[in-house]
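One-based numbering, in listed order, for ligands and for the atoms of each. If you're wondering where the values come from, they're calculated on a predicted model, not measured in any experiment.
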Amino acid sequence: MAGETRQPFEYATYPDLTNKRVVVTGGGTGIGAGIVDAYVKQGSQVVFLDIADEPSQQLAASYPDAAHQPRYIHCDMTNIEELKKTFAEIERDGAVDILINNAANDHRHAVADVTPQYWDDSLAVNLRHQFFCAQAVAPGMKAKGGGVILNFGSISWYLALPQLTLYMTAKAAIEGLTRGLARDLGNDGIRVNTVIPGSVKTPKQMALWYTPEGEAQIMASQLLKERIEPEDVAALTLFLSSNQASRCTGRDYFVDAGWYGDGK
Ligand SMILES: NC(=O)c1ccc[n+]([C@@H]2O[C@H](COP(=O)([O-])OP(=O)(O)OC[C@H]3O[C@@H](n4cnc5c(N)ncnc54)[C@H](O)[C@@H]3O)[C@@H](O)[C@H]2O)c1
């Protein structure tokens, strides 16, 4: 029925994802945690990076029967030296096959309050690390004969949401980043695409922004009258990183339940 969460959700199985080495940034909570869960269930070897230690440690400990336990590493994505050391540590066990550039922070701000420091901090948490993570994994992927990088964009800048100018600036740039990386890394068999979520029902979104009016507005704006859950985004992520998508690169893929916004 419209608006209800469907249960249970079962992922398709992609045999080529078994044992793949996957890194998920911002994997401790929200959509990232859903993505970690999806790859663990494929039998992938998952490392996820975050700064939220408590939920991340809980997530890492929640798969006692998994073929590969997910590994949590504390890493502040805004600190490029820390990021580089973390990827060097991850690659000691082998090159990364799949990079999910998911970490972000959709903090609100008034235009008048933005200082140069705030600008830099915002772009650092929402954009810069996606490039440097890609730079870190590209040589190992090239040596293996290929790999997959998925950059997380957002529908927000298509909608021109209020108080999110810097976040939307970063998210718009990510689509250009995808095209540039896809161009420069394509000869090495590395596929790069953008995943663009619509309004996803995460614990953070529900805690910070839930109102009955807001829910009604989302339902009115989407063609499909069901809320998007992290597993819907994870399902697209699995497909795009699998061999089923071996001819997909340099493009942007929406999972937004058809957000036309006309309320019809
Ligand atoms: N939820 C939505 O409706 C929605 C819509 C469009 C796009 N997106 C995009 O999807 C992705 C995931 O969104 P979400 O809603 O799950 O976000 P979220 O804020 O709920 O979770 C982001 C994760 O990144 C981590 N993180 C934040 N700053 C970090 C840092 N400096 N270093 C390491 N980790 C850090 C957080 O701790 C958290 O675990 C983001 O790229 C977001 O822009 C989300």
Side-chain angles (χ1 to χ4, degrees), residues 23-38 47-60 70 72-87 99-108 120-133 149-161 164 166-175 177-178 193-210 214-215 217-218 221-222 226-234 236-237 240 252-257 259:
V23 175
V24 184
T25 71
T29 69
I31 295 170
I35 292 169
V36 168
D37 179 68
V47 179
F48 64 100
L49 314 179
D50 212 296
I51 47 174
D53 290 331
E54 202 181 316
S56 298
Q57 283 156 358
Q58 277 176 16
L59 180 65
Y72 167 56
I73 303 179
H74 179 105
C75 178
D76 182 348
M77 306 308 299
T78 66
N79 182 333
I80 302 301
E81 286 313 307
E82 190 179 335
L83 180 161
K84 285 182 177 175
K85 278 187 200 149
T86 301
F87 275 90
L99 167 66
I100 310 297
N101 269 329
N102 167 78
N105 190 334
D106 61 346
H107 48 82
R108 269 59 174 172
D120 287 347
D121 292 347
S122 180
L123 276 282
V125 77
N126 287 310
L127 173 63
R128 188 176 64 175
H129 58 84
Q130 293 205 4
F131 175 85
F132 285 100
C133 289
I149 298 171
L150 296 178
N151 299 326
F152 269 63
S154 170
I155 197 172
S156 56
W157 69 274
Y158 291 87
L159 308 178
L161 297 179
L164 275 175
L166 301 193
Y167 174 79
M168 294 192 296
T169 299
K171 291 296 178 181
I174 284 163
E175 294 182 30
L177 176 69
T178 289
N193 289 296
T194 318
V195 172
I196 304 179
S199 178
V200 184
K201 196 174 164 188
T202 62
K204 179 179 159 189
Q205 296 289 330
M206 294 308 279
L208 290 183
W209 309 115
Y210 173 84
E215 289 293 299
Q217 194 183 351
I218 291 167
S221 300
Q222 292 181 181
E226 307 279 355
R227 290 293 261 119
I228 305 165
E229 313 267 344
E231 55 260 37
D232 297 302
V233 184
L236 176 62
T237 303
L240 285 173
D252 310 313
Y253 294 87
F254 286 78
V255 51
D256 67 348
W259 190 297

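Not counting sequence neighbours, the partners of E81 by the side-chain contact (heavy atoms from CB on, under 4.5 Å) test are N79, K84. Checked against ring pair (Phe, Tyr, Trp, His ring centres under 6.0 Å), Y72 has the following partners two or more places apart in sequence or in another chain: F48.
Of the possible polar contacts, one joining the T25 side chain to the A103 backbone as a donor-acceptor pair under 3.5 Å is found. T194 places no side-chain N or O within donor-acceptor distance of the main-chain N or O of F152, the cut-off being under 3.5 Å.
Dense packing is recorded around NZ of K204, with more than 12 heavy atoms of other residues, nucleotides or ligands lying under 6.0 Å away.
Sorted by first and then second residue, the salt bridge (Lys or Arg N to Asp or Glu O under 4.0 Å) pairs with a member in residues 24-38 read D37-K41; sequence neighbours excluded.
Around ligand 1 you find G26, T29, G30, I31, D50, I51, A52, C75, D76, M77, T78, N102, A103, A104, V125, F152, G153, S154, Y167, K171, P197, G198, S199, V200, T202, K204, Q205, each with a heavy-atom distance below 4.0 Å.
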